[in-house]
Amino acid sequence: MSRLISVKQIESTSKCLETDHKIQPRSFSGFYRRMRITGGLVLFALYFGVAWLDWGGRQAVLWDLSGKKLHSCSATFWPEDLVLLSAILLICAFGLFFLTVLAGRVWCGYACPQSVWTWFFLWAERLAEGDRNRRLKLDAAPLTANKVARRGMKHGLWLLIGLATAITFVGYFTPIRNLVADLIAMEASGWAVFWIFFFTSATYLNAGWLREKVCFHMCPYGRFQSSMVDADSLVISYDAARGEPRGSRKKDAVQVSQELGDCIDCQMCVQVCPTGIDIRDGLQMECIGCAACIDACDSIMDKMGYARGLVRYASERDLKGGKTNLFRPRLVGYFVFLILMIGLFSWGVASRPLLTLDVERDRGMYRYTSGANIENSYLLKLTNKDSSPRYLVIEVGGFEKFSTTGPGGVVVGAGERVEVPFSVAVPSSSLDSGANDVVFEVSTLDRKGEVIEESSTFLGPPKP
């Protein structure tokens, strides 16, 4: 069975997409469902919980847009650290490539936010309207007070989940405790209210109304997965050699069972699928790899007394009777590059300077002071990326005789940037040319910490 999507499957999918029907997944239980629930609860706990954690008197994770910095536990990142963001994107990309080659769309099925929030919305829908059959009957029923009440409860729960999601998301950019207090007191800023409304609406629409359509039409992942999986990739597969010819039967119908394959054509794998596909048609673009069909099929096999695994994680080579090769060059290459990028990122974070100095010279030329001295003005930008405040000493070098106007030391708080106006005056006789080098040195008070230097230009009158 080829892993490429066949023309027949594309035509079947097109007909399915052209039919304007609502997919109503059936509830079920099983090993993979428990894995997804556990993973989803962990992701929910991280998303909703981390925003409320404190670290050193401030929010543990906070994108301070006005201050142009990111606080992440004890570390503070500034715009000059954006190169590390590129490393994170590469790590995510190659991690996704590695998982796809190894096990198809396992990311989509277990950890994608669209999938996790859709399951949460489906839970709210079942709570308000019942399981699949009850929801189908409710859809076909005329408009009654009961239908209005159940639909109102469902949409109310959806909006509450969307609102909690939006407040938490905005809380990663605005201190969440202040944000919630301002919302309760109705004193939140207009921008905060706008973004909360925007993300509430986006969550409500994506997870409540669009659902699988996001995977069908908006996510490009399904369209290139077939070019990444190979004959050894572990993807959700239907064992046609064992299941065909399919047909319904009673549990103890031995003669009929001998004439048919193990598939009893119960349609359970279709009914539990959140994207409404039939896994028996082979690998399809719409399959998100959630393994709901595996749990459903295994439960039916248990009831029929057949062996599990009619639908399972398997490679094309496995289905043909061969042995899956996990240590293939492409998979090993992705893994090696992933580990390399993680190592480089860790090294970059550990070795980045925690104290930086930027020197900006005043745009003016120079000016004379009393005593025939030449004075230049500068703006020193001191950034402390450490988790504790620092007392820094400022010194100037490059001339034998000079005087300064400005503080000799300054306290820079943890994760803060301080701008210090500073002037240097030099006797004109000490200048060699119109443009001279001046060096600013910043160190801790005990000089046991990091010492940094930054050069700039000192302008004076041109020499004849």
Side-chain angles (χ1 to χ4, degrees), residues 20-30 32-52 108-141 143-171 176 180 183 195-219 268 270-276 286 288-293 295-296:
D20 187 16
H21 72 288
K22 181 180 179 181
I23 297 174
Q24 295 281 19
R26 182 172 182 165
S27 60
F28 61 98
S29 61
Y32 294 105
R33 181 176 183 270
R34 289 192 293 271
M35 285 184 60
R36 287 195 305 278
I37 291 176
T38 302
L41 290 176
V42 171
L43 292 174
F44 265 58
L46 289 174
Y47 177 77
F48 289 104
V50 169
W52 293 89
C108 297
Y110 292 87
C112 174
Q114 175 66 25
S115 299
V116 174
W117 259 257
T118 296
W119 299 332
F120 197 13
F121 272 55
L122 282 171
W123 168 82
E125 187 173 55
R126 281 193 290 269
L127 184 66
E129 299 181 353
D131 200 8
R132 181 175 186 270
N133 291 335
R134 289 187 177 182
R135 296 200 303 271
L136 291 174
K137 290 180 181 179
L138 190 65
D139 288 342
L143 189 64
T144 61
N146 177 61
K147 185 173 183 177
V148 171
R150 290 186 176 275
R151 289 286 165 85
M153 178 181 176
K154 177 183 72 174
H155 290 287
L157 289 173
W158 284 2
L159 287 171
L160 284 176
I161 297 170
L163 179 62
T165 302
I167 292 175
T168 303
F169 186 83
V170 176
I176 193 167
V180 172
L183 288 173
W195 287 115
I196 290 173
F197 173 79
F198 176 84
F199 287 112
T200 300
S201 303
T203 306
Y204 172 76
L205 291 173
N206 283 343
W209 289 90
L210 297 179
R211 292 185 180 176
E212 74 283 348
K213 294 180 178 62
V214 174
C215 306
F216 291 169
H217 305 296
M218 299 172 64
C219 178
M268 282 291 292
V270 180
Q271 293 180 21
V272 300
C273 180
T275 59
E286 294 77 23
I288 63 172
C290 67
C293 52
D295 285 333

**Fill in**
Interatomic distance, CG@L138 vs CG@N146, rounded to 0.5 Å, equals 7.0 Å
**Fill in**
d(C273 SG, R26 CZ) to nearest 0.5 Å is 14.5 Å
**Prompt:** For F48 and A164, which heavy atoms make the closest approach, and how far apart are they?
**Reply:** CE2-O, 3.6 Å
**Asked** Considering the options T200, V170, I196, T203, which one meets the side chain to side chain contact (heavy atoms under 4.5 Å, CB included) requirement together with T165?
**Response** T203
**Message:** With a 6.0 Å cut-off (strictly less than), is the heavy-atom count around NZ of K137, excluding the residue itself, greater than 12?
**Reply:** no
**Request:** Please check if the side chain of Y47 supplies one atom and the backbone of F169 the other of a donor-acceptor pair under 3.5 Å.
**Result:** yes
**Item:** Heavy-atom pair of closest approach, residues M268 and A296
**Value:** O-CB, 4.0 Å
**Prompt:** Can you tell me how far CH2 of W209 sits from NE2 of H155, rounded to the nearest 0.5 angstrom?
**Reply:** 4.5 Å
**Main-chain N/O of D295 paired with R33 side-chain donor or acceptor, under 3.5 Å** = no
**Item:** Exercise: do N133 and Q24 side chains pair donor with acceptor under 3.5 Å
**Value:** no
**Item:** Near-ring test F44/F120, centroid separation under 6.0 angstrom
**Value:** yes
**Request:** Find the distance between CD1 (I288) and CD (Q114) and round it off to the nearest 0.5 Å.
**Result:** 9.0 Å
**Message:** Before you tell me yes or no, could you show the steps for W52 and V180 under side-chain contact (heavy atoms from CB on, under 4.5 Å), namely the whole-Å CA-CA distance, both residues' side-chain angles and the distance that decides it to 0.1 Å?
**Reply:** CA-CA 11 Å; W52 293 89; V180 172; 3.8 Å; yes
**Request:** May I ask you to decide if R126's main-chain N or O and R135's side chain share a donor-acceptor pair within less than 3.5 Å?
**Result:** no
**Request:** Answer with yes or no after comparing the ring centroid distance for F121 and W117 against a 6.0 Å cut-off, counting only values under it.
**Result:** no
**Prompt:** Do you know the tightest heavy-atom contact between G208 and W158?
**Reply:** O-CH2, 3.3 Å
**Prompt:** Taking atom CD1 of I37 and atom CH2 of W119, what is their separation to the nearest 0.5 Å?
**Reply:** 9.5 Å
**Prompt:** Within the distance-only criterion (no hydrogens, no angle test), does the side chain of R132 pair as donor or acceptor with the backbone N or O of P25 below 3.5 angstrom?
**Reply:** no
**Item:** Worked verdict on V42 versus L46 for side-chain contact (heavy atoms from CB on, under 4.5 Å)
**Value:** CA-CA 6 Å; V42 171; L46 289 174; 4.2 Å; yes
**Asked** Does S115 reach the main-chain N or O of G109 with its side chain, forming a donor-acceptor pair under 3.5 Å?
**Response** no
**Message:** For S27 versus D131, what's the shortest heavy-atom pair and its separation?
**Reply:** OG-OD2, 2.8 Å
**Prompt:** Who pairs with R211 by side-chain hydrogen bond (donor to acceptor under 3.5 Å, both in side chains), at least two apart in sequence or on another chain?
**Reply:** E125
**Electrostatic pair R134:D139 at N-O distance under 4.0 angstrom** = no
**Request:** Could you tell me whether E129 and K154 make a salt bridge, using a distance below 4.0 angstrom between a side-chain N and a carboxylate O?
**Result:** yes
**Prompt:** Are the side chain of E286 and the backbone N or O of G276 linked by a donor-acceptor pair below 3.5 Å?
**Reply:** no
**Request:** First locate atom CG of L122, then atom CG of L127, and finally report the distance between them rounded to the nearest 0.5 Å.
**Result:** 12.5 Å
**Prompt:** Donor-acceptor pair, R36 side chain versus C290 backbone, under 3.5 Å?
**Reply:** yes
**Complete:** All heavy atoms of A124 vs all of I161, minimum pair found to be CB-CD1, 4.2 Å
